[in-house]
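Comments concern the structure below.
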Amino acid sequence: MLNCKPLHSLFAAEVVGVDLRQARDPAILAAIRAAMDQYAVLVFRDQPFTDDEQVDFATRFDGKLHTQTSLSALGANRFGNEALTDISSVKANGELAELADRRRLSILSNRLWHTDASFVDPAGRYSLLSAKVVPEVRADTEFADMRSAWDALEPDEQTRLSGLRVFHSIVHSRHAIGFDFAPEEAARLPGAVHPLVRTLPGSGRRALYLASHASHIVDWPVPEGRILLLDLIEHATQHAFIYRHIWQPRDLVIWDNRATMHRGRPFDDTRHRRELRRTTTLDIAR
Ligand code: OGA
Ligand code: MN
């Protein structure tokens, strides 16, 4: 039913011939969800969403949206809707953010490997990222397939990891790059515990659930758990597991946060305008 062109040997595909703003038929939405179970990252070109259309589509596609974002804890959402995360190099007034701008410094941590909204419970399921303004320099996003990363582990290692639980906190991941929330901001971001290995209901495949937000293994000494998490992130982000997306204006990329990690690649954001909007859905049983 869907025309999917694979973009990588393990995951990620481009879907051709669908206008998501018009996609209302339950059969189309179900076909896109099934393709998400297979590919984990889907690219749709030429989707000129307005903000309202993006929120409507995300809600129609998967239900409830994540609003407890780190940027909401910093205040000042320029769209007046916490479900729309401003993934941009500009300030609320639309001008390029300066070097020391706090929003900018917080967003810089998107350049660490992560999954969205692993620091809340329920965690993030799908993220939908819409490109409005793409700079003339490359500013790509990389995705890593956490199902392939799981499959590639030795059986003994798989047994050792099964059943472990991980504490995720955005206060931790920001602190790791030297960005600290004020106590009243941090109080709005308490963190959450999730399994290290999850079985994905749609495909039955297992996946490592990792992120920069993953702080430590519950019930383990912190340094020991942190070293294991760093080792696993290194394993899971080998070249063979990575798809690199080169943005075009009006791209809409959907990824499954349960099955992938992603990171933004560096570019000079104090000189180049880049504006994307993200909506993330919550992993609530359907
Ligand atoms: C995000 C994100 C990376 C990028 O939107 O969640 O991590 O390249 N983006 O902007
Ligand atoms: Mn992200």
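All ligand and atom numbering here is 1-based and tracks the order in the structure. Along the sequence shown, residues are numbered consecutively beginning with 1.
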Self-check item: Option among Lys91, Arg104, Arg103 that satisfies the salt bridge (Lys or Arg N to Asp or Glu O under 4.0 Å) test with Glu98
Solution: Lys91
Exercise. For the pair Gln158 (side chain) and Asp156 (backbone), establish whether a donor and an acceptor sit closer than 3.5 Å, ignoring hydrogens and angles.
Key: no
Exercise. Could you tell me whether Arg263 and ligand 1 have an N or O pair separated by under 3.5 Å?
Key: no
Quiz item: Looking only at N/O atoms, are Trp255 and ligand 1 under 3.5 Å apart anywhere?
Solution: no
Need the ligand 1 atom indices (1-based, order shown) with element for anything under 4.0 Å from a heavy-atom of [X].
X      : value
His114 : 7 (O)
Asp116 : 6 (O)
Ile87  : 5 (O), 10 (O)
Leu129 : 5 (O)
His262 : 1 (C), 2 (C), 6 (O), 7 (O)

Practice problem: For Leu276 and ligand 1, answer yes if some heavy atom of the residue is under 4.0 Å from a ligand atom, otherwise no. | Solution: no
Would you say that [X] contacts [Y] through its side chain, given a criterion of any heavy-atom pair below 4.5 Å between the two side chains?
X      : Y      : answer
His172 : His213 : no
Gln68  : Phe119 : no
Asp62  : Leu282 : no

Exercise. Scan Ser106, Ser109, Ser212 and name whichever one has a side chain to side chain contact (heavy atoms under 4.5 Å, CB included) with Ile177.
Key: Ser109
Which residue and heavy atom of the protein sit nearest [atom], plus the separation:
atom                   : value
atom 6 (O) of ligand 1 : Arg278 NE, 2.7 Å
atom 8 (O) of ligand 1 : Thr141 OG1, 2.6 Å
atom 9 (N) of ligand 1 : Asn110 ND2, 4.0 Å

Quiz item: In terms of side-chain heavy atoms, does Ser215 have a donor or acceptor partner in Arg226 at a distance below 3.5 Å?
Solution: yes
Practice problem: Would you tell me which option among Glu142, Arg274, Met261 has the nearest heavy-atom contact to atom 10 (O) of ligand 1? | Solution: Arg274
Quiz item: Where on Arg265 is there a heavy atom closer than 4.0 Å to ligand 1, on the side chain, on the backbone, on both, or on neither?
Solution: neither
Quiz item: To the nearest 10°, how many degrees is the angle Asp116 OD1 to the Mn ion (ligand 2) to His114 NE2?
Solution: 100°
Self-check item: Aromatic contact, Tyr209 with His168 (centres under 6.0 Å)
Solution: yes
Self-check item: is_close_aromatic(Phe179, Phe181), centroid dist under 6.0 Å
Solution: yes
